[in-house]
There are 2 protein chains.
Amino acid sequence: MHRNNIARSGGRASSARPRLTEVAELAGVSYQTVSRVLNDQPNVRPATRRRVLEAMEQLGYAPNSAARTLASGRSLTLGVVCYDTALYGPATALIGFEQAARAAGYSVNIVSVETLTQSAILDAATRLAQQGVSGIGIISPAVSIGDAFAHMPPHIPVVSLWGPADGAIPRVVVDEAHGARLATEHLLALGHRSVSIVVGPEGHIGPDVRMRSWRETLAAHAVSPPPVLHGDWSAQSGYAAGLALADDAEVSAVFVTSDQMALGVLAALHARGRRVPDDVSVVGFDDLPEAAFFIPALTTIRQDFNQIGRRAAGILLDAPQPPAQGKNAPLVVPVTLMHRASTAPPSKLR
Amino acid sequence: MHRNNIARSGGRASSARPRLTEVAELAGVSYQTVSRVLNDQPNVRPATRRRVLEAMEQLGYAPNSAARTLASGRSLTLGVVCYDTALYGPATALIGFEQAARAAGYSVNIVSVETLTQSAILDAATRLAQQGVSGIGIISPAVSIGDAFAHMPPHIPVVSLWGPADGAIPRVVVDEAHGARLATEHLLALGHRSVSIVVGPEGHIGPDVRMRSWRETLAAHAVSPPPVLHGDWSAQSGYAAGLALADDAEVSAVFVTSDQMALGVLAALHARGRRVPDDVSVVGFDDLPEAAFFIPALTTIRQDFNQIGRRAAGILLDAPQPPAQGKNAPLVVPVTLMHRASTAPPSKLR
DNA sequence: CGAGTTTCGTCAATCGTTTAAGTTGGCACC
DNA sequence: GGTGCCAACTTAAACGATTGACGAAACTCG
């Protein structure tokens, strides 16, 4: 004997975690049978199964997952690459992902990336792959990560949340286009002659789609689009954009593509003495829990972040084999307009 | 032979993950030596080490972590129990935790709990323990979870973030008491005769400490404390509290123990026509990135969420053996006052 | 150049499972 | 009452590493 396990070698029930063989012993069967019960395979008599389960219960047995994955090749673990998960949306999606994974008996490993570059994401995903996860979710509102996954560790299904369409990996997105249309049409329907826009960082997927849809909606109403303002999701950047908007007397309606930025816009408009919604109407995007308590309460587009996470996990769980990763249609989560106090008809119409 | 590995049995470099023996073969050493390099044990000549590392590089070798933990008993994985990680603070702490863990070569497993009860937390921690994590962080602003860890899976170090003092587990907290004192004294120093308070949910640790400190600070200035209002961290609950405050003409200064609730308070005061800071001064707690863009910009107590997470991971990493879990002093992260526009001297003094 | 270290290889056991293949027992059937 | 068969169970070989003991070759010194 080379490694003496003191804890176990001494007499009976040790404090260490019981093994499969101990369960078998207690139940009076072979360890094989216990394994059968564990992986609920057929050919175990109900009475035997019951005895085994009782023995497990009694010993407080839980299978050693390392041994399990080693022997079986299946890890029962999913990985998530997080970026900026401190934002409400991604954080909520992460929780949703975990909930769905846990419900299916999987655990969740996370790796965060500081920057949203292809190589950083690829590194993170590789880490997870080496950890042996059986699927990877990527919370990545960036445009071009598709290529990165050409060199991904082979045979691990991947799904992106708010991901780009360029890659060949499946993705879960919200109906960005519809949301932008809802927002823009809402403002037009109120009587605004035009709708300005504050979009997220260039190169991110969501903003791009929202902007395109906004432009199309304006075009459908024969409105030529005003200049586009860019932000980086932060309230700070929204404030900067808001100052620019405030100085333009033509602006009577703004679609801000995130609630955080909308908060900044509201602050800037207030600082410049432009009243909302009297002088300027503002629509956000996300429907943060706080949005209803902005001053004034923010009209915004709600997206169900938790569901995005759940759906993403679901895709991985349904695809233990890498799915047909064609240019398959993304899973689209619907959005709805929450009408609150920050939007009203332009003053001249009242 | 019982299980034929088709992929590997065919000729040379297969697409499957290389094994330790393959590295050894390529480097022209025994697998023993490779293992020595891997666990950087002594007695390997630099030149040999280099050859081995090159071979690893060339094959893209990464150790199979399941096999590793099985054989060694070390898992190189930490677990985190998350509650409401969609909130900015906890989410940021989670990221910090992961960053620190990753820097030390550990990966991070998460389990979320829907409710913050002892049993839910214990279940979650047990799940993680069964997963084989070598340390557990608990993001738990609740009071009484200490007992739960009496029956925890043995010999796994645990640390709580914003955790209660009652248990015997180490914890990382912010200087709640100092923060509350800073906030209260700031308002008193501005000339307010009294300071009202809106605290978080009863039974949570942070709120309790903050409230006690607020009370002591008032006492030190010979001010008898006004009635306490309770919220649940949400802006919604802050709004409700704010309405109550707005109706009380005596109130000229409020310390709201979270920025989210402060947002609700601001909205309620605004809705009731009470101006901030002219009629009422408001101080928050947390310093969310958005706080500077509330209307008006919120004076608040900043805490470094990321650092809390990092520190928590650090404690676990320094304690591969369960630490001396006495009533040890918690690791206290400092706070600072961010003075902004929501606080000013009471109107009668101006 | 011999003694004492390093360095490295061989051999072997082990971690706690899964899983293929072999063995037993009992029942039905003709 | 043998034959056949299936369910139920046992045996044995992996999975991919870690770890220990031990010995042989290769260095380092005095």
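Since this is a predicted model, take the numbers as computed values, not measurements.
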Can you check whether [X] has a side-chain N or O nearer than 4.0 Å to OP1 or OP2 of [N]?
X	N	answer
B:N43	C:dT7	yes
B:R74	D:dT19	yes
B:R45	D:dA26	no

Can you check the [X] [atom1] to [N] [atom2] distance for me, whole Å?
X	N	atom1	atom2	value
A:N64	D:dA17	CG	C1'	14 Å
B:Q130	C:dT17	CD	C1'	15 Å
A:L76	C:dG16	CG	P	19 Å
B:L20	D:dA17	CG	P	5 Å
B:L70	C:dT17	CG	P	9 Å
A:R51	D:dC9	CZ	P	8 Å
A:R19	C:dT14	CZ	P	11 Å

**OP:** Check whether any side-chain heavy atom of A:N109 lies under 4.5 Å from a side-chain heavy atom of A:V80, and answer yes or no.
**Re:**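 No. Closest side-chain heavy atoms not under 4.5 Å.
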Original post:
Start at the 5' end of DNA chain C and walk down; is the nucleotide closest to B:A47 or to B:A67 reached first?
Top reply: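 Final value for this comparison: B:A47.
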**OP:** Look at the side chain of B:S30 and decide which nucleotide, out of D:dG16, C:dG9, C:dT17, has an atom nearest to it.
**Re:**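 Nearest nucleotide to the side chain: C:dG9.
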Original post:
How would you list, by chain and number, every residue that makes a side-chain contact (heavy atoms from CB on, under 4.5 Å) with A:L331, sequence neighbours excluded?
Top reply: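 A:L331 satisfies side-chain contact (heavy atoms from CB on, under 4.5 Å) with A:V172, A:R311, A:I315 only.
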Original post:
If you look at every strand shown and take non-hydrogen atoms under 4.0 Å, does B:G132 touch a base, only sugar-phosphate, or nothing?
Top reply: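 The residue B:G132 makes no contact with any strand.
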**OP:** Name the nucleic acid region contacted by A:T48, choosing base, sugar-phosphate or nothing; use a 4.0 angstrom heavy-atom cut-off, strictly under.
**Re:**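 Contact class for A:T48: sugar-phosphate only.
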**OP:** Answer yes or no: are there more than 12 heavy-atom neighbours, outside A:Q41 itself, under 6.0 Å from its atom CD?
**Re:**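 Yes, the 6.0 Å shell around CD holds more than 12 heavy atoms from other groups.
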Original post:
Is there a donor-acceptor contact under 3.5 Å from the side chain of B:R51 to the main chain of B:A27?
Top reply: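 Between the backbone of B:A27 and the side chain of B:R51 there is a qualifying donor-acceptor contact (under 3.5 Å).
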Original post:
Do side-chain atoms of B:R102 reach the backbone of A:S112 as a donor and acceptor pair under 3.5 angstrom?
Top reply: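 Checked: pair present.
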**OP:** Let me see the working for B:N306 and B:R310 under side-chain hydrogen bond (donor to acceptor under 3.5 Å, both in side chains), right down to the final yes or no.
**Re:** CA-CA 6 Å; B:N306 184 283; B:R310 302 190 96 97; 3.1 Å; yes
**OP:** Return the residues of residues 32-41 of chain B meeting this criterion: a heavy atom under 4.0 Å from some atom of DNA chain C. Order them by number, or give none.
**Re:**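 Residues of residues 32-41 of chain B that come under 4.0 Å of DNA chain C are, in numerical order, B:Q32, B:T33, B:R36.
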Original post:
Does the base of D:dA12 carry an N or O that pairs as donor and acceptor with the side chain of A:Y31 under 3.5 Å?
Top reply: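 Result: at least one qualifying N/O pair found.
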**OP:** Might you point out which heavy atoms bring B:A313 and B:A100 nearest each other, and give the distance in Å?
**Re:**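 Minimum heavy-atom separation between B:A313 and B:A100: CB-CB, 3.8 Å.
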